[in-house]
Amino acid sequence: MLEKLLNLLFPSRCVGCRKKDELLCENCRRKSRRNFREKTSLPFVDKFLGWGVYEDKILKEALRRFKYHGTYGFVHPLAQMLHELIKPHLSSFSSETLIVPIPMSKARKRERGYNQAELLAKALAEKTSFPGSSEILLKTRNTPSQVSLAGRERLTNLQNSFDVSDPNRVWGKTILLVDDISTTGTTLCEAARVLKNSGAKKVIGLVVAR
């Protein structure tokens, strides 16, 4: 109700072209697309798919508002990006595919009020036939933000900070591991390692920006 009231008083405008009534219009969303190689050298990650680069002004502003300012409406166009990324690969996914977001620690989630990766994963699950779960992969340590750390510190910061609540739920499955941004890939690698050690057959990293 509050969101509807705010939209009535202050109509949404596209972060790219300032078009009314859309936070991120179709044209600007397309402009932010970048083609990448799908193969990856990230350990434990079988495939790495990203929509665009964080340096893109449109994408950066959309993610900033979504991640830090609680503009939840961005979840719909951003999840559409992820959906379009996996469309060419849907035929290769088995029915045993699960959508899993990168988790936050309980303390960080209380501080921010929401987990943006969790919102993206939920919206993506609604666009596909694959179930999503935010209860399988857990953040067991409240680690410093990766953004504030140097390269070497990033590699050690997340070690042993993830856990799988029920290995039976990931055993033999393909996992679509969802996050908003990936910089060095360290977060995806560590999460994928834990999922693979718990029996996941394949882990595909899926991000809006890299």
Side-chain angles (χ1 to χ4, degrees), residues 40 42 44-52 54 59 62-68 70-86 89 93 96-143 145-147 157-158 161-167 169-171 173-210:
T40 175
L42 297 177
F44 306 104
V45 178
D46 298 282
K47 187 173 291 185
F48 183 25
L49 302 175
W51 177 267
Y54 189 65
L59 206 53
L63 286 167
R64 186 184 68 84
R65 292 193 192 182
F66 177 52
K67 186 170 184 174
Y68 298 113
T71 311
Y72 303 120
F74 279 108
V75 71
H76 303 296
L78 296 179
Q80 182 61 30
M81 293 174 180
L82 299 183
H83 188 220
E84 291 183 24
L85 280 176
I86 64 173
H89 309 277
F93 296 160
E96 297 293 304
T97 297
L98 191 63
I99 300 174
V100 175
I102 292 291
M104 278 183 174
S105 67
K106 291 181 179 179
R108 181 69 60 80
K109 191 173 180 179
R110 280 197 303 268
E111 178 184 332
R112 183 172 294 174
Y114 62 100
N115 176 1
Q116 69 279 354
E118 186 177 322
L119 296 178
L120 284 171
K122 182 179 179 181
L124 180 61
E126 291 172 354
K127 293 177 180 293
T128 69
S129 59
F130 305 132
S133 177
S134 60
E135 301 173 352
I136 290 178
L137 187 63
L138 307 174
K139 186 77 179 292
T140 55
R141 272 195 310 121
N142 188 18
T143 57
S145 171
Q146 290 286 89
V147 176
N157 180 48
L158 293 173
S161 64
F162 295 116
D163 196 11
V164 172
S165 61
D166 184 359
R169 295 182 66 183
V170 302
W171 184 266
K173 293 187 177 180
T174 295
I175 305 295
L176 298 180
L177 188 58
V178 173
D179 206 358
D180 57 336
I181 304 167
S182 178
T183 305
T184 63
T186 304
T187 302
L188 290 174
C189 287
E190 181 61 18
R193 182 186 70 81
V194 172
L195 289 165
K196 286 283 187 73
N197 287 346
S198 295
K201 180 181 180 182
K202 183 183 293 186
V203 177
I204 298 171
L206 192 60
V207 301
V208 175
R210 55 174 80 176

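Count residues from 1 along the sequence.
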Atom CG of Leu206 and atom OG of Ser182: how far apart are they, to the nearest 0.5 Å? 11.0 Å
For the pair Tyr114 and Tyr72, name the ring-plane relationship: parallel under 30°, tilted 30 to 60°, perpendicular over 60°. perpendicular
Calculate, to the nearest 0.5 Å, the distance between atoms CG and CD1 belonging to Leu124 and Ile99 respectively. 4.0 Å
4.5 Å side-chain heavy-atom contact, Ile204 and Ile86: no
Between the CZ atom in Phe93 and the CG atom in Leu176, the distance rounded to the nearest 0.5 Å is 5.0 Å
Drop me the distance from Lys106's NZ to Leu138's CG, to the nearest 0.5 angstrom. 8.0 Å
Please enumerate all residues that pass side chain to side chain donor-acceptor pair (under 3.5 Å) together with Glu118, with sequence neighbours excluded. Lys109
Atom NZ of Lys122: over 12 foreign heavy atoms under 6.0 Å: no
Sidechain-backbone polar pair: Thr140 side chain, Ser161 backbone, donor-acceptor under 3.5 Å: yes
Hey, are the side chains of Lys47 and His89 touching, using non-hydrogen atoms and a 4.5 Å cut-off? yes
Return the minimal non-hydrogen interatomic distance between Leu42 and Thr184, and the atom names on each side. CD2-O, 3.9 Å
State the CD1-NZ distance between Ile175 and Lys202, to the nearest 0.5 angstrom. 12.0 Å
Sub-4.5 Å side-chain heavy-atom contact between Leu63 and Leu78: yes
Hey, does Glu84 have a side-chain heavy atom less than 4.5 Å from the side chain of Trp51? yes
Give me the atom names and distance for the closest heavy-atom approach of Pro103 to Lys139. CG-N, 3.7 Å
How far apart are the closest heavy atoms of Ala121 and Pro101, and which atoms are they? CB-CB, 3.8 Å
Are side-chain heavy atoms of Val208 and Ile181 found at a separation under 4.5 Å? no
Over 12 foreign heavy atoms within 6.0 Å of NZ, Lys201: no
Can you see which heavy atom on Ile102 is nearest to which on Ala191, and at what distance? CD1-CB, 3.6 Å
Straight-line distance of Leu120 CG to His76 NE2, nearest 0.5 Å: 10.5 Å
Kindly give the heavy-atom pair with the smallest separation between Phe44 and Val203, and that separation in Å. O-CB, 3.9 Å
Flag side-chain contact, heavy atom, 4.5 Å: Pro131 against Leu98: yes
Indicate yes or no for a side-chain donor-acceptor contact from Ser133 to the backbone of Glu135 under 3.5 Å, with no hydrogens or angles considered. yes
Any side-chain heavy-atom pair from Asp166 and Ile136 closer than 4.5 angstrom? no
Student check: side-chain heavy atoms of Tyr68 and Arg112 closer than 4.5 Å: yes
Looking at every non-hydrogen atom in both residues, tell me the closest pair between Phe162 and Val194 and how far apart they are. O-CG2, 3.8 Å
